[in-house]
Amino acid sequence: MEYLEITGGVPLIGSINVSGAKNSVLPILAASLLTEEPLELDNVPHLYDVTTMMELLGCLGANITVYDGMHIAVQSKNIYNVNLPSDLVRSMRASILTLGPLLARVGKAKMPMPGGCAIGQRLVNFHLDGLTKMGAQVKIEDGMIIAEAKASLKACHYHFDQISVTGTENLLMAATLAKGTTFLTNVAMEPEVTDLIRCLNMMGAKISGAGTKELIIEGVEELSGTHYRVLPDRIEAGTYMVAAAITKGRIRLNNVCASTVEEVIKTLIAMGITVRQGEDWIEVDAIDSDHQGVDIVTAPYPGFPTDLQAPFMALNALATSPSRIDETIFENRFNQAKGLNAFGAHIRIDGNTAIINPTRAFKAAEVVATDLRASASLVLGALAAKGTSRIYDIHHIDRGYECLEEKLSHLGANLHRVLDVQREQA
Ligand code: EPU
């Protein structure tokens, strides 16, 4: 077990590159199951979840070549196994994304219910209902999803009762090889969904409506390989934007897609923070500036992203005025509040609302990370706090932030990772 030791209170200054998007590359890797030909990917982030997805694909029969940290090729010519290993599936929600492609390509799959960050119920009923509507037989026995399509999947009209990112991705991947034209309505419009569609269309799929609430997918006989560059990670970008603001520093982000973080930029500007931007760069300048609290309501894209709610809670906690955050997507996504309060924040949780009364400064503390974005929030808290803090259970952060220590050190942060020998032996 490892912990991060951070001595905060230093304004972060400099420029860094944003990595490829975790939540784009995971569905795109799953899409490699739809073709016999190689799918070559650039801008692949080196993350724990990406390794898990590569291991999963490997267990199914895919050949994976890693050319360097950011460029990989996956070829799923022969899929000889459709029983997904429980440990890998349970460690990551995105493992459910293999279900649609497997049913479309080989007509069978067996997997446990997927795991992932403990931020709410995280049901998969839309995935299973949609695939059933496409003609698959899907049952759940002893906690295992057992799915089979005796003939090719058939097109359908599926309306999502609630917007689901991976639900949209799973059904749209399955529909690419289904017979006929599928209509998916009330779909997710997240940039990661659009990125997947762009990649699938380059593989020969016929999908229209990207970035809107309705997708039309004309099924094709087969898909081919392609070479694709993964979109920059808007959540990583947003986290470093908050890092600049919370440490009263100045950070320039390169390799970013500014149009995917418009709502985040608007929120920072409403707080009184200076943001400059080009198409592929953003600079947040908060040198010597105070910021005010801003009320936030999370919403599906293009609304304020639930994944940045935890980082912004840390920033709101150090504002000059009170604020509230309403979390509308997940039922249990305020896990960071306890740790932030240990730094001296005044955050009270009332159901899905966080009421934040600001404090002028954070003090160092020992806190425990509970999920990916909550961990990022605690790192931000520690960067703002005077003194040396420790953050335990940081394996969560390795799931979604590439080279966190290197990037923060490059910006002048004082932090290092320590192997916790005592906890390791306990
Ligand atoms: N939902 C259902 N039934 C379903 C699917 C979803 O009721 O079949 C509900 C969920 O319980 C939740 C809501 O719908 O209340 C939205 O869930 P969604 O399916 O959109 O979430 P997800 O696809 O599991 C993805 C990201 C999350 C991100 C959410 C929301 C990936 C791999 N994960 O999750 O990312 O928070 O969309 O934008 O794309 C993260 O990166 O830290 C992370 C959790």
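These numbers come from the heavy atoms of this one structure, side chains and all, not from hydrogens, waters or symmetry mates. One-based numbering, in listed order, for ligands and for the atoms of each.
Numbered from 1 in the order shown, with element, the atoms of ligand 1 that lie under 4.0 Å from a heavy atom of Lys22 read 40 (C), 41 (O). If you number the atoms of ligand 1 from 1 as listed, the ones under 4.0 Å from a heavy atom of Thr306 come out as 30 (C), 36 (O), 38 (O).
The heavy atom nearest to atom 19 (O) of ligand 1, out of those in Ser164, Ala310, Ala376, Gly400, is found in Ser164. Nearest to atom 31 (C) of ligand 1 by heavy atom, out of Asn23, Leu196, Asn170, Asp233, is Asn23. Evaluated by nearest non-hydrogen atom to atom 38 (O) of ligand 1, the leading choice among Ile329, Thr168, Val165 is Val165. Remark: among candidates Arg373, Gln309, Arg333, the nearest residue to atom 44 (C) of ligand 1 is Arg333, based on non-hydrogen atoms. Of the candidates Val124, Leu308, Asp307, Asp307 brings a heavy atom nearest to atom 28 (C) of ligand 1.
Ion pairing between Lys22 and Glu192 fails under the 4.0 Å rule for side-chain N and carboxylate O. In this structure, Asp420 does not pair ionically with Arg390, as no charged nitrogen and carboxylate oxygen lie closer than 4.0 Å. The pair Glu327-Arg333 does not meet the salt-bridge criterion, since no charged nitrogen lies less than 4.0 angstrom from a carboxylate oxygen.
Under a 3.5 Å cut-off, the side chain of Glu148 and the backbone N or O of Gln137 do not form any donor-acceptor pair. With Ser32 contributing its side chain and Leu39 its backbone, the two residues share no donor-acceptor pair below 3.5 Å. One N or O on the side chain of Tyr228 and one on the backbone of Asp195 form a donor-acceptor pair closer than 3.5 Å.
Below 30°, between 30° and 60°, or above 60°: for Phe304 and Phe312 the angle between ring planes is above 60°, a perpendicular geometry. Classification of the Phe160-Phe126 ring pair by plane angle, with boundaries at 30° and 60°, yields perpendicular.
Here CD1 of Ile235 is found 7.5 Å from OH of Tyr401. Values are rounded to the nearest 0.5 Å. Separating the CZ atom in Arg348 from the CD1 atom in Ile355 is a distance of 4.0 Å, to the nearest 0.5 Å.
With a 4.0 Å cut-off on non-hydrogen atoms, Glu236 does not touch ligand 1 at all. Residue-level proximity to ligand 1 for Leu372 is carried by the side chain, the only part with a heavy atom below 4.0 angstrom. Counting heavy atoms under 4.0 Å from ligand 1, residue Arg93 touches it through the side chain alone.
Polar contact with ligand 1: absent for Glu190 (N/O pair, distance under 3.5 Å). For a threshold of 3.5 Å applied to N or O pairs, the pair formed by Leu123 and ligand 1 contains at least one separation below that value.
The closest approach between any non-hydrogen atom of Glu327 and ligand 1 is not below 4.0 Å. A heavy-atom separation below 4.0 Å is not found between Arg399 and ligand 1. Using a 4.0 angstrom heavy-atom cutoff, Ile163 counts as in contact with ligand 1.
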